[in-house]
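It should be emphasised that the depicted structure is a prediction, and the values quoted were computed from it without experimental measurement. Lettering follows sequence order; numbering is per chain, from 1.
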Amino acid sequence: MEKLRKRFTLHEMVLAGAFLLIFLIGACSNENFLSIRNILSLFQQMSEMGIMAMGLTIVIITGGMDLSAGTTMGLCAVTSGLCLTKGLGVVPSLIISLGVAVLCGVMNAVLVAIIRIPPMIATLGTQMFFLGVALVLSKGNSISGIPESFYFLGQAKIFGMPLQMLLLFGLAVFLIIMLKNTVTGQHIYALGNNMKAALFSGIRTTHVLFYSYIMCSVMCCIAGNIQVSRVATARADMGSAFLMTCISAVVLGGTSINGGNGGIVGTVVGIMIFAMIGNIMNLVGISSFWQQLATGSILVLVVVFNRMIEMQKYKVKSRKV
Amino acid sequence: MAGKVFLQMENISMTFPGIKALNNVRLDVREGEVHALMGENGAGKSTLIKILSGVQKPDVGSKILVDEKEVEFAGVSDSIKHGINAIHQDLSLFPNLSVAENIYLGRSKNGKVDWKECTKIAEEAIEVLGITMNVQEQLSNLSIAKQQLVAIARAISFKSRLLIMDEPTATLSFSEVRMLYSIIEKLKKQNIAILFISHKLDEVFEVSDRVTVLKDGEYVGCKDIKELDENSLVQMMVGRSVAYKALNDVSYAGDKILEVKNLSKRGNFKDISFALHKGEILALTGLVGAGRSETVKALFGLNPPDSGEIYLNGEKIDIKNVSQAIRNKIAFIPEDRHEEGLILEMSMKDNITLPILKRILTPFRFINRKEVDKLTENYVEKLSIRPSQIDKLARNFSGGNQQKIAVAKWLITKPDILIIDEPTHGVDIASKTEIHKLLKKLAKEGMAIIMVSSEWQEVFALSDRVLVMRHGRIVHEDDTATGNQELMMEKAILGGN
């Protein structure tokens with residue numbers, strides 16, 4: 001126990017506990033839960049949300065927020081949908097879609113890092129703006145007729161494993177290394193902890209914020225294209241429903257909403273927990289209304305538990321320290 | 001003088017996981033006295049105050065008596081009910097409310113605010129202090145000193161019998177400090193006791209009647225101030241006597257390294273010109289608000305000037321941002337360790353290596369963790385930072401050691417010019433001496449140091465030359481060794497000719 005406590009924080013152990021508990025419930029309640037087919041489809045379903053949540057994690061660690069993540073995903077989806085149906089090749093379409101994502105990220109970063117609007121407000125504005133652009137571009141319709149050559153992203157399997165699952169893990173590994181082992185990663189944490197001290201330490205805070213917001217938008221773009229490929233249509237409101245779940249997963253994973261700590265692994269585990277709950281309930285045949293209730297309670301419970309640990313640690317009676 | 005005993009604290013102990021913050025500490029305060037509470041950082045002063053103001057609960061067996069009756073403080077409101085009010089360093093007021101609202105807050109009847117009574121109570125409280133102030137003014141429009149008076153007025157309006165003041169003079173200018181002293185005198189006459197926490201010895205000797213000293217969470221003693229002199233008080237605090245003598249035996253000034261010509265920035269500073277030499281400690285002094293910090297921040301790219309020139313080794317340079325300053329081998333250790341100097345929630349090693357991460361990369365452009373550990377351990381040893389756990393969060397070090405971490409963070413960049421703002425602000429006396437010796441040693445090794453300081457003792461003990469600033473201008477320049485100390489102080493306070 002002592003050894004474990006040194007290696008992991010209490011929150012990490014609680015999260016792992018919650019994960020195992022839900023996993024066990026799944027394994028006991030339905031024999032199909034542990035089948036390879038089910039597990040692979042579980043990953044397939046969570047990839048899009050997982051990738052977006054990882055992007056959000058970076059922005060949230062800087063002490064920021066990207067409420068436009070969902071509509072960025074929608075805009076990128078519509079962009080590549082339009083390009084593909086207008087006869088552009090797969091590669092040029094993807095490049096244009098990525099370009100749009102970078103523009104979205106730059107716009108957020110300009111508002112947050114240069115004009116210094118609080119991230120919540122800035123991205124609340126761009127959220128609607130991006131949705132508006134996507135709606136105008138798509139004339140409010142869903143774009144169908146995506147050529148089959150684009151299906152690989154969301155439907156192909158490599159050695160029997162869905163491509164988007166491999167993408168999820170690949171990106172996760174990349175981001176974990178980026179955050180943990182590179183100067184940029186270290187600067188992201190420093191910035192999230194104390195913007196002023198980071199500036200005084202010679203960190204180019206503006207550069208770091210640009211990097212983070214663009215990274216987040218690019219992640220949304222990847223998620224959007226996977227979904228376009230999987231369902232073979234593109235719609236402006238594609239990612240809108242993802243946003244809150246993704247933020248919840250980031251928080252559940254232990255990233256502080258105030259910035260400065262947390263990480264990718266927690267976020268992925270958080271998304272997995274949400275995905276498993278949905279999956280189990282589907283298998284057992286419980287209505288999706290109960291899914292919301294279950295995910296909500298787990299989030300509240302874990303957050304309350306964290307707060308209790310914190311209060312114990314600092315021996316304070318209330319919020320006042 | 002010897003009034004009735006108002007408050008007694010006996011056998012006060014406080015245990016945090018792993019640390020015993022207080023061990024059988026006692027304190028008694030009489031009516032109408034100014035009682036100083038002293039001790040180095042980490043001695044347990046803050047914990048004792050938190051217990052006294054009901055923020056924290058002491059261990060079982062601790063006894064608090066008010067008017068010789070045992071009481072228990074379950075929360076802040078309990079201690080206020082017994083006439084104990086704390087004025088914290090951050091004042092804990094509401095900047096967007098008016099003076100009257102700030103004073104009145106917390107006593108509405110049946111959820112309704114009686115605005116007439118609100119104004120009345122506020123005006124009465126202000127009157128007790130013998131000052132004039134428009135109580136309808138929004139608090140954020142007032143100076144820090146005035147806001148502090150509002151905090152005092154608020155405490156008095158609650159029929160306070162004991163005021164706890166935590167480093168009340170830390171953010172005040174010279175004349176404001178005088179005003180605070182006169183108000184303390186007035187409060188004494190009304191039989192209000194004051195528990196005064198301060199790091200500054202001269203202050204304690206000036207205002208207090210008795211002093212209680214804590215050290216490492218233990219009670220050292222309580223003495224009449226008349227029985228003590230500076231040396232014996234320091235001895236009580238540190239456990240040994242520390243000579244506060246001048247260290248500036250020889251001047252090591254070498255080649256000119258930095259020259260500043262006519263540096264100006266509207267509303268900050270004007271026509272600043274000076275030269276800095278290798279191996280020299282140049283003190284920049286003056287009162288709070290004289291433009292000293294603004295000037296040095298300009299040299300570090302944090303506050304770019306409107307006009308003027310900066311020459312480094314004879315070459316004109318531009319410093320538009322911090323990275324340019326670092327590239328020009330300039331380092332800056334800000335005054336506010338918690339907000340500007342350190343990232344408290346990061347480990348000591350991450351803090352120390354933050355400015356130089358780009359210089360210690362592996363061939364794959366990853367951070368070289370081994371190098372991080374090695375460099376940190378190197379500086380931990382050099383500056384004897386305690387405890388020497390490099391993974392410990394910066395938050396968990398004492399003030400003195402935090403300052404050493406801040407110094408290490410910039411020495412690691414191997415600067416030619418080190419700018420340090422209030423090097424020993426809020427640092428205990430033992431660490432103070434260590435930091436002074438370190439600065440002297442660095443200068444001896446050829447580093448050019450600009451030290452911003454408002455402590456005259458520090459300026460005279462350490463610097464080779466002094467620049468006195470007032471209202472954004474340099475009003476006086478002198479050699480420390482041969483200069484006239486009284487003249488320098490006079491220039492800073494009164495300015496003019």
Side-chain angles (χ1 to χ4, degrees), chain A residues 2 5-7 9-10 61-63 113-114 173-208 254-263 309-321, chain B residues 14-17 21 50 54-57 74-76 92 297 300-302 321-327 330-334 336-346 350-362 364-369 372 391 393-395 406 409-410 413 421:
Chain A
E2 263 307 297
R5 287 196 74 152
K6 269 201 183 128
R7 186 97 175 71
T9 64
L10 261 173
I61 292 175
T62 66
I114 294 180
V173 169
F174 167 74
L175 290 178
I176 289 168
I177 292 176
M178 189 276 289
L179 280 176
K180 216 171 155 51
N181 289 321
T182 70
V183 177
T184 313
Q186 196 78 359
H187 284 183
I188 287 174
Y189 281 106
L191 195 80
N193 267 307
N194 186 338
M195 176 84 98
K196 211 164 174 187
L199 184 72
F200 276 60
S201 305
I203 295 175
R204 299 193 177 186
T205 50
T206 319
H207 290 206
V208 178
T255 300
S256 161
I257 209 79
N258 298 321
N261 64 33
I309 298 169
E310 218 171 276
M311 289 205 285
Q312 194 63 38
K313 204 158 86 188
Y314 296 113
K315 235 187 170 183
V316 288
K317 287 177 297 197
S318 59
R319 288 190 69 87
K320 188 163 179 188
V321 183
Chain B
M14 178 87 202
T15 319
F16 291 108
K50 279 189 185 150
V55 178
Q56 269 168 347
K57 261 183 124 148
V76 180
S92 315
K297 277 179 183 167
F300 196 60
L302 286 163
N321 56 45
V322 178
S323 1
Q324 269 175 347
I326 295 175
R327 236 175 291 133
I330 300 174
F332 173 60
I333 303 168
D336 188 343
R337 284 187 294 277
H338 291 180
E339 282 302 315
E340 300 174 343
L342 294 177
I343 296 174
L344 294 179
E345 301 301 330
M346 286 174 83
D350 286 342
N351 267 291
I352 291 182
T353 52
L354 194 56
I356 54 139
L357 283 177
K358 281 187 183 139
R359 296 186 208 167
I360 45 168
L361 296 177
T362 63
F364 292 108
R365 316 254 328 137
F366 292 162
I367 295 166
N368 188 341
R369 294 281 168 196
V372 167
D391 290 316
L393 293 188
R395 171 180 294 291
K409 174 177 164 186
W410 287 106
T413 65
D421 195 351

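- The contact between B:Pro334 and chain A is made entirely by side chain atoms (from C-beta outward), counting heavy-atom distances below 4.5 Å.
- With chain A as the partner, the residue from B:Arg369, B:Lys297, B:Arg365 showing the most heavy-atom pairs under 4.5 Å is B:Arg369.
- A salt bridge (charged side-chain N to carboxylate O under 4.0 Å, His left out) check over residues 189-200 of chain A, counting only residues at least two apart or in different chains, returns the pairs A:Lys196-B:Glu340.
- Using a 4.5 Å cut-off between heavy atoms, B:Ile326 touches chain A through its side chain atoms alone.
- A donor-acceptor contact under 3.5 angstrom links the side chains of B:Ser323 and A:Arg204, judged on distance only.
- Here the CG atom belonging to B:Asn368 is positioned 10.5 Å from the CG atom belonging to A:Asn181, to the nearest 0.5 angstrom.
- Using a 4.5 Å cut-off between heavy atoms, B:Phe364 makes no contact with chain A at all.
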Side chain to side chain contact (heavy atoms under 4.5 Å, CB included), that's the test. Do B:Val322 and A:Phe200 meet it? Break it down for me. CA-CA 7 Å; B:Val322 178; A:Phe200 276 60; over 6 Å; no

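- Of the listed residues (A:Met178, A:Gln186, A:Met195), the greatest number of heavy-atom pairs within a distance under 4.5 Å of chain B belongs to A:Gln186.
- Applying the side-chain contact (heavy atoms from CB on, under 4.5 Å) criterion to B:His338, with sequence neighbours excluded, gives B:Asp336, B:Leu344, B:Gln402.
- Contact count versus chain B (heavy atoms, under 4.5 Å) is highest, among A:Ala198, A:Ala190, A:Gly260, for A:Ala190.
- We find the CG-CG distance between B:Leu342 and A:Asn193 to be 11.5 Å, quoted to the nearest 0.5 Å.
- Of the two parts of A:Ile177, only the side chain, counted from C-beta on, holds a non-hydrogen atom closer than 4.5 Å to a non-hydrogen atom of chain B.
- No side-chain donor from either of A:Asn261 and B:Glu345 sits under 3.5 Å from a side-chain acceptor of the other.
- Using a 4.5 Å cut-off between heavy atoms, B:Asp350 contacts chain A through both its backbone and its side chain.
- If you measure heavy-atom distances from B:Arg327 to chain A, the contacts under 4.5 Å come from the side chain alone.
- Of all non-hydrogen atoms in A:Thr182 and B:Ile367, the two that sit nearest each other are O-CD1, 3.3 Å.
- Atom-to-atom distance recorded for B:Ile343:CD1 and A:Tyr189:OH is 13.5 Å, nearest 0.5 angstrom.
- Between A:Asn194 and B:Glu339 the shortest heavy-atom distance is ND2-O, 2.9 Å.
- Nearest heavy atoms, A:Ser201 versus B:Lys409: OG-NZ, 2.6 Å.
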Mind running side chain to side chain contact (heavy atoms under 4.5 Å, CB included) on A:Val183 and B:Leu361 for me, showing each step along the way? CA-CA 9 Å; A:Val183 177; B:Leu361 296 177; 3.6 Å; yes

